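Single-structure report; data block below.
Just so we're clear, the structure is a prediction, and the values are computed from it rather than from any experiment.
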Amino acid sequence: MQFFSFVVFKNLLTCVLCWVSEKCFVYEDYLDVKLVGDCPKSNLTGYCRGVSNVALDLAGIPPHLEVLCVDLMKDSSLHPYSFSRFQKLMKLKIFGEISTIHPGAFKNLSSLQRLEIYSLQSLNLSLSSEILNDLPNATTLLFINCRLSSMAIDVFKGMKKLEQLGFINSTEDFSELLCRLTFVSSSLNYLYVESESLVIDRPNCTFSNGTSFDVMLHGIEEVSLILGPVRLTDKTVLKYFKNFDILSIKFTDFEVLQPAITKVEYLVVRYYEKLSSFEEICEAAHKLLSTALSVQFSYITDSFVPNLDKCMWLESLEICAIERQAKSINLTFISVLRNLVSLTIHWRLTTESKNRDRALALCENQSDLVTNLKTVSLHTNNFQNISYRHFSCLRELEELQWVNSNIEHIEDFTFNNTCLLKTLDLSNNKISQLTKYTFFGLSNLKTLLINDNKLLLIEPVTLLHLTSAEFVSLGVFQYPSSEPSKIWINLSLPENLTKLYISSGIKPMTLLLSKSRKSEAGLSLHVCGQSVTFQDCDNTLFKSLVQLTAETEQLLCGQSFPGQFLKSLRHFLIIAKQKPTQMDLTDLNQLVNLKSLILFNVDLSHQSGLDMIFHNLSNLEYLYVSLWSVTFFNKDLTRDLQSLKVLYLHANDVFSVMENFVEPLKNLQYLIMDKALLYCICDNAWITNWAKYQQSVQVYFPGSSLESLPCKTAHGKQFLHKYAQDHCLTDIDFLLFASTSLGLVFFMLVVLLHQLAGDYLLAFFHIARAWVEEAMRANRKGHYHFDVFVSYCGKDERWVVDELLPNLEKRGPPFLRLCLHSRDFELGKDIVENITDSLYRSRHTLCLVSRNYLRSKWCSLEMRLATYRLLAEHRDVLVLVFLEKVPHQLLNVHHRLSRLVKTQTYIDWPQDPALHNAFWDRLWTKLAPETAT
């Protein structure tokens, strides 16, 4: 990588990010990409190749695109409503050889502002005004290789907001253009025409019915003509365009056109004959009031000295010798151009030229001269050394590009007078060393490029004079073979520097970089070498690194990976160019602020801490691994990647992926598995259904569809989808139907059973519980917590306190232990549980029956539970005491109690006090333990 580009993350993510079908991908505004026809970026841009049917082939991409570029197959047509899904579309570019655009092809594109149609070959594109009427808000149209003659004469009639119109190699007859411009809205203010050859003749405009009309144009503010050979038959035709923004033309044709042209802002003259003088060119430019002039010529005499006295008003000048090289160059002619702001020279000398160290003539021997030049671009090869005298008069200079000029040495203080310089590009020269005073005086410099030189030495403080520098690219250090094999670089960086590129080519490199402790600017660093070793990692510079690109086999700080020192790093890219690197990357898990991580040609299969590499990376949003040799994926790898949006895995081996692998990826939007080859096992079968039916993640297997995704068996390969159907999957629809049906039947049975036998089921439950309790007591040798559980109504509590407790609990020994709900129930426990537990923890249940008792629902429950126990244990555990006479009619309402009265002996509470003692003796005898009686 000769020239440093900090958008390498984005360029890699372009091919990673967003394949939405076999033909299309979508990329977002953080990607800086260059596509066919320079498809521009926007908030959301789509690019599709090999499209034959737009509506079908683009059906899978998001409808809210703002920019769409479509590369059509040969002889494709645009049918009605082809783009109607994309109602937010603002820019549309169409490439290819379109056979037909049908009316309605651009329906519903009310937001479209720019339409460009590119044909690879000259194309007869039939366009009616009806077609473009569907673009009421379009402001820009551009046609390339689309013949204007095949378009309707009023093709632009309905475009009321059209502002810019361009044709490149789309017309050879100027009259075709004039006739159609008659129907263009008055909003048109810019016209661009580029043609390899052009006939300028009187227009003969007719409608399709044969009716003729005259050309009528409103004043178009800017017109640019880039023309090849011109054949002029009627000079009056150019009266429609007297003023030109740009006019590029062969000089001999220009002499023919000149009388009809009033003004040209930027004049480009191509001179194919031997150029002996600039005077006639300057005169022509002067007549046209041109402020910018470009002269391109092929042949000059060796003694040629341009005379630019008549070009003194020029603000911009470009001189380009495009073929024959001259033996010498003399730039003294430039000194007369006192108004010049921009100068570009492309001029190559022959190898036998001896004048290789001549200064820029405009500054040489003119100590009092100060030019207004702000931009200078030099592409010459006659400067071996550059010094102060080359720049002494360029005190207003802001941008200098001096490339491909064989510069070998820069003297100290060369740029001392160019303190306003902001951009300095010295790429593709032969500079070998940079001293501490090389860039002295460049306090306002923002960008410094020294790529493709032969740097051997740079002194540590060289860059400190660049106090405003933001981007420095030092290119490749090229130590000769006699020097030590490892390149050592020690640099102090200016405090505002945000981007730095350093390379040692194919040699190892050791870097000692430091930065002012005052600096708070985050640094993006790009390093390249066989191995890169940092020294003094615990300094301010490392703490300020926000982006690191490393093209290397080993990245070290001392003897280990520098993860612990890069706590501020947000974007990290490792590229192993020569062979798959196996550096230990376990410490990646310490980069807790990382947003994007790209591992290109990095083999992870031998990582000792593979299961921990991505731990703690909870802020990571983009992960790209181009050489994924891990054979088993599970959620241990992804457990902390909750913020991940894009995951690209370029598989390098057969693998299995567990279903829980994607569980932690809550924010995942794109999953791309390139060259995926899974094992043919049922553990992998989930991925095809998951990719097909889930909505939040777009899953792509470049080169394969879900149906054709391969898997490996012991006998070869087959499709995973087919394998899953044959070996793993059941009929999901039938399974859902069957389970739903069974669920409904079960619910209906439960309801019916509850209605018909609810009481019996409840009784069975309590009987079963009694059996369990009895078995447990048997194991505990019949141990009970209470002797008697007393079931009574709260309104009868006075009798319980005054009569029952004194005569049972205080009578003894042995003393009976009574369980009363008001005293012994556990606080906070469910009432039914309290009743049930107390009842089964008591040897007897004593029911004190009264009218109040029969009206109480809780007493009724206690009676019911006591009868369940009676049935379960087949023992005389229930004792009934009637505290008062209860009428038979009231008793018959309570069926259980009525049956018990008929089958069980019960006791009445005597109203005669004389009989009370006999009552208590009889009851105590019944309730006391058998050993007591």
Side-chain angles (χ1 to χ4, degrees), residues 9-10 12-20 26-31 43-44 62 522 545-548 561 563-574 585-600 602 604 607-628 630-651 655-674 676 678 683-684 686-701:
F9 288 100
K10 303 172 182 179
L12 279 175
L13 283 172
T14 302
C15 48
V16 170
L17 179 59
C18 316
W19 285 101
V20 295
V26 173
Y27 57 95
E28 300 186 49
D29 58 354
Y30 51 80
L31 298 178
N43 288 336
L44 198 62
L545 271 182
V546 295
Q547 180 167 309
L548 176 60
F561 185 79
Q564 60 179 312
F565 302 105
L566 303 173
K567 295 303 178 65
S568 298
L569 201 64
R570 295 180 179 273
H571 307 284
F572 192 18
L573 165 62
I574 299 178
L585 299 176
T586 305
D587 282 352
L588 277 175
N589 57 29
Q590 299 192 41
L591 308 181
V592 295
N593 292 307
L594 209 59
K595 291 285 187 180
S596 61
L597 174 62
I598 300 175
L599 303 176
F600 192 81
V602 177
L604 295 181
Q607 292 293 320
S608 58
L610 177 62
D611 56 339
M612 299 185 295
I613 281 182
F614 304 123
H615 289 187
N616 305 321
L617 304 185
S618 57
N619 293 306
L620 193 68
E621 296 181 359
Y622 308 103
L623 174 60
Y624 174 100
V625 183
S626 70
L627 195 65
W628 188 267
V630 182
T631 58
F632 182 73
F633 303 173
N634 61 20
K635 72 175 183 179
D636 286 342
L637 288 170
T638 59
R639 71 174 196 184
D640 293 335
L641 304 181
Q642 298 94 340
S643 299
L644 198 67
K645 296 179 180 178
V646 179
L647 175 58
Y648 182 102
L649 302 176
H650 186 141
F655 63 93
S656 292
V657 52
M658 302 302 294
E659 191 168 0
N660 63 14
F661 177 73
V662 296
E663 285 181 6
L665 308 178
K666 304 300 183 184
N667 292 295
L668 192 66
Q669 297 176 10
Y670 301 97
L671 172 62
I672 303 99
M673 291 188 175
D674 197 2
L678 290 89
D683 284 344
N684 289 328
W686 67 275
I687 197 166
T688 53
N689 278 329
W690 180 79
K692 185 176 182 180
Y693 293 110
Q694 57 79 37
Q695 300 295 322
S696 59
V697 184
Q698 298 187 46
V699 184
Y700 309 110
F701 302 95

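- In this structure, CG on Leu566 lies 12.5 Å from CD on Gln547, to the nearest 0.5 angstrom.
- Taking the six-membered ring where tryptophan is involved, the planes of Phe572 and Phe561 are tilted, since the angle between them lies from 30° to 60°.
- Side-chain contact between Leu649 and Phe655: absent, with no pair of heavy atoms (C-beta onward) separated by less than 4.5 Å.
- Not a single donor-acceptor pair under 3.5 Å links the side chain of Asn616 to the backbone N or O of Val592.
- A donor-acceptor contact shorter than 3.5 Å is absent between the side chain of Trp686 and the backbone of Asn660.
- Using a 4.5 Å heavy-atom cutoff, the side chains of Phe632 and Met658 are in contact.
- Between Val657 and Ile687, some side-chain heavy-atom pair lies under the 4.5 Å cut-off.
- In terms of heavy-atom proximity, Val602 sits nearest to Ile574 at CG2-CG2, 3.8 Å.
- Counting only heavy atoms from C-beta outward, the side chains of Leu644 and Leu623 approach each other to under 4.5 Å.
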**Message:** Would Thr586 and Met612 count as a side-chain contact (heavy atoms from CB on, under 4.5 Å) here? Give the steps.
**Reply:** CA-CA 7 Å; Thr586 305; Met612 299 185 295; 4.2 Å; yes

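- For the pair Asn667 (side chain) and Gln642 (backbone), a donor-acceptor distance under 3.5 Å is present.
- Between the CG atom of Leu597 and the CD atom of Glu621 there is a distance of 13.0 Å, given to the nearest 0.5 Å.
- Using modelled atom types, one side-chain atom of His615 and one backbone atom of Asp636 make a donor-acceptor pair closer than 3.5 Å.
- To the nearest 0.5 Å, atoms CG (Leu569) and CG (Leu594) are separated by 5.5 Å.
- Considering only heavy atoms from C-beta on, Ser656 stays 4.5 Å or farther from Asp683 through its side chain.
- Side chain of Ser643 to backbone of Leu620: no donor-acceptor contact under 3.5 angstrom is found.
- We find the CZ-CG distance between Phe701 and Leu678 to be 7.0 Å, quoted to the nearest 0.5 Å.
- To the nearest 0.5 Å, the span separating OH on Tyr648 from CG on Asp674 amounts to 3.0 Å.
- In this structure, OG1 on Thr638 lies 10.0 Å from CZ on Phe614, to the nearest 0.5 angstrom.
- Scanning all heavy atoms of the two residues, the minimum distance from Asn593 to Ser568 falls at ND2-CA, 4.4 Å.
- Contact of the Phe661 side chain with the Lys635 side chain is not registered, since no non-hydrogen atoms from C-beta on lie closer than 4.5 Å.
- Leu647 places a side-chain heavy atom less than 4.5 Å from the side chain of Leu665.
- Counting heavy atoms from C-beta outward, Trp690 and Val697 have side chains that approach closer than 4.5 Å.
- Of all non-hydrogen atoms in His571 and Ser596, the two that sit nearest each other are ND1-OG, 2.6 Å.
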